[in-house]
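Take a look at the structure below.
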Amino acid sequence: MTPGIIERYAASLPVSATTPRITLGEGSTPLVRSSRIGPSIGLHQLYFKYEGLNPSGSFKDRGMALATAKAVEAGAKTLLCASTGNTSASASAYASRCGLRAVVVVPAGGIAAGKLAQALAYGATVLTVKGTFDTALKLVRQVADQPGVALVNSVNPDRIEGQKTAAFEIVEQLREVPSELFIPVGNGGNITAYWRGFSELARTQGSSRPQMHGAQAEGAAPLVRGKPVARPRTVATAIRIGNPASWESAIAARDESGGSIEAVSDAEIMAAHRRLAREEGLLVEPASAAGVALLLARAREGTVRRDQPIVCVLTGHGLKDPEALTRGLTIPAAVEPTLTALRRAIG
Ligand SMILES: *Cc1c(COP(=O)(O)O)cnc(C)c1O
C-alpha cells in the first residue's frame with residue numbers, strides 16, 4: 001500500500017503520534033519529463049508534476065488529508081469550505097472517507113461540471129451562492145466558528161503544510177532542486193506551500209531554492225496589478241479569484257526567490273492546455289495550463305535558463321472540465337457499418 005503524505009512526511013508535518021494517518025493515497029504523483037513541448041523551445045530538462053493524479057484529481061488532496069486528520073483529532077464533525085471547485089471535491093472526498101459531513105459553498109455557475117459532480121457524488125451538502133468565490137469565502141469564514149466545524153480552505157494552516165510535500169517529492173524525484181518552478185496562482189496558497197517546502201529543505205539540507213514563477217489569468221490577476229479585482233474573469237475557473245487569501249505569502253515567495261508573478265491571457269492558457277493534451281498526452285484543466293503558458297511566454301522572451309531543470313506544476317485533472325477539453329472540437333457524423341464507409345472515413 002502506498003503511504004499517504006502524513007505517513008511519508010510525518011517528521012516534517014505538524015502531527016503527533018496520535019494524529020490519525022488519514023489517506024486516500026494522495027501524493028506520490030509522477031514527475032513526467034516533457035517529450036515535445038520542452039524540446040520545441042530548446043528545453044531538454046522540462047518536467048511536469050502531474051498533480052491531477054491525486055485521488056480527487058487535484059493537489060488540494062495533499063492539504064486536505066492533513067486538514068481532515070487534524071479536524072478529526074480535534075473532534076470536528078463537519079468540514080466547511082468555499083471553493084472554485086477542487087477544494088469542494090477534495091473536502092467532500094475526505095469527509096466521506098472519515099464519516100464527516102461536508103458543506104461546500106461555491107459560486108453559482110462558476111465551477112466546472114466535473115467538480116460539481118464530484119461533490120454531489122461524494123455526498124456533500126452543496127450550496128451555491130450568487131456571487132464570486134471571494135464572496136463565498138468571506139461568508140463561510142463568518143460561519144466557521146460553530147462548534148464541531150473545521151474550515152478547510154487554504155486559510156487553514158494545515159492545508160499549506162500538507163501541500164508543501166509536493167516540493168519534497170519533486171526534489172526526491174529529480175534528485176536535485178529545479179532552477180525554476182512554474183505554477184498557477186489563484187488564492188496563493190499553493191505557491192506559498194511550495195516555497196515553504198523548498199525553504200525547509202534548504203534549511204535542513206543546505207540545498208538551493210528555485211525561482212518561483214506564478215501565473216495568473218489576465219482577467220483575474222490581482223497580484224500582478226497590485227490590487228483586488230472585483231469581477232474576476234477567466235476560462236480557468238480554478239484561479240478565478242479577485243482577492244487572494246494568501247496575498248502576502250505569495251508575494252514573499254516571488255520576491256525571496258527572485259521570481260515573478262505574471263498574467264497570461266485566456267487564449268494563451270487554452271493554447272497551452274491543448275498542447276499538453278496533443279503533444280504530451282497530459283490532460284489538465286485550464287487553470288493547470290497557466291504555468292505552462294507563462295513558461296512559453298518567458299521562453300519567447302529568452303528569460304528561461306535552458307540548461308537547467310525546470311518544473312511546471314499541473315494542478316488538476318483534465319476530466320474535471322470536459323467542456324474545456326472539447327471546445328471547438330466535434331465528433332464526425334456516424335458512418336455506415338460497412339468496410340467501405342469506414343475506410344473512406346479514416347482516409
Ligand atoms: C486551487 C487551484 C489552483 C490555485 O491554487 P491556489 O492555492 O488557490 O493559488 C490552481 N489550479 C487548480 C487546478 C486548483 O484547483
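We use all heavy atoms of the structure for the numbers below, so side chains are in, but hydrogens, waters and symmetry mates are not. Atoms within a ligand are numbered from 1 in the order they appear, just like the ligands themselves.
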Does any N or O of ligand 1 fall below 3.5 Å from an N or O anywhere on Ile239, backbone included?
no
Enumerate the atoms of ligand 1 whose separation from the nearest heavy atom of Gly188 is less than 4.0 angstrom.
6 (P), 8 (O), 9 (O)
List ligand 1 atoms under 4.0 Å from Gly189, heavy atoms only on the residue side.
6 (P), 7 (O), 9 (O)
Would you kindly say whether Arg97 and Thr68 are connected by a side-chain donor-acceptor distance under 3.5 Å?
no
Return yes or no for this condition: an N or O of Lys60 is under 3.5 Å from an N or O of ligand 1.
yes
Which ligand 1 atoms are under 4.0 Å away from a heavy-atom of Glu285?
13 (C)
Looking only at side-chain N and O atoms, does Tyr50 offer a donor or acceptor that is under 3.5 Å from a partner on Glu280?
no
Does one side chain, of Arg101 or Thr125, offer a donor that lies under 3.5 Å from an acceptor on the other?
yes
So which heavy atom in the protein is nearest atom 5 (O) of ligand 1, and how far is it from that ligand atom?
Phe59 CZ, 3.5 Å
Quick one: look up the protein heavy atom nearest atom 11 (N) of ligand 1 and list residue, atom name and how far away it is.
Thr315 OG1, 2.8 Å
Any idea which atoms of ligand 1 are less than 4.0 Å away from a heavy-atom of Val185?
9 (O)
Regarding Thr234 and Asp266, is there a side-chain donor-to-acceptor distance under 3.5 Å anywhere?
yes
Could you state the interatomic distance from OG1 (Thr303) to CG (Leu295), rounded to the nearest 0.5 Å?
9.0 Å
Could you walk me through whether Thr87 and Ser90 pass side chain to side chain donor-acceptor pair (under 3.5 Å), step by step?
CA-CA 5 Å; Thr87 299; Ser90 187; over 6 Å; no
Proximity of Asn187 to ligand 1 by residue part, where a heavy atom lies under 4.0 Å:
both
Where do Thr29 and Glu51 land on the side chain to side chain donor-acceptor pair (under 3.5 Å) test, with the steps shown first?
CA-CA 6 Å; Thr29 57; Glu51 289 287 279; 2.5 Å; yes
Which atoms of ligand 1 are found less than 4.0 Å from any heavy atom of Asn86?
12 (C), 13 (C), 14 (C), 15 (O)
Heavy-atom proximity to atom 7 (O) of ligand 1, picking from Ile241, Asn190, Leu314, points to Asn190
Please determine if Glu169 and Arg62 form a salt bridge, counting it only when a charged side-chain N lies under 4.0 Å from a carboxylate O.
yes
Atoms in ligand 1 flagged as close to Gly316, the criterion being non-hydrogen separation under 4.0 Å:
13 (C)
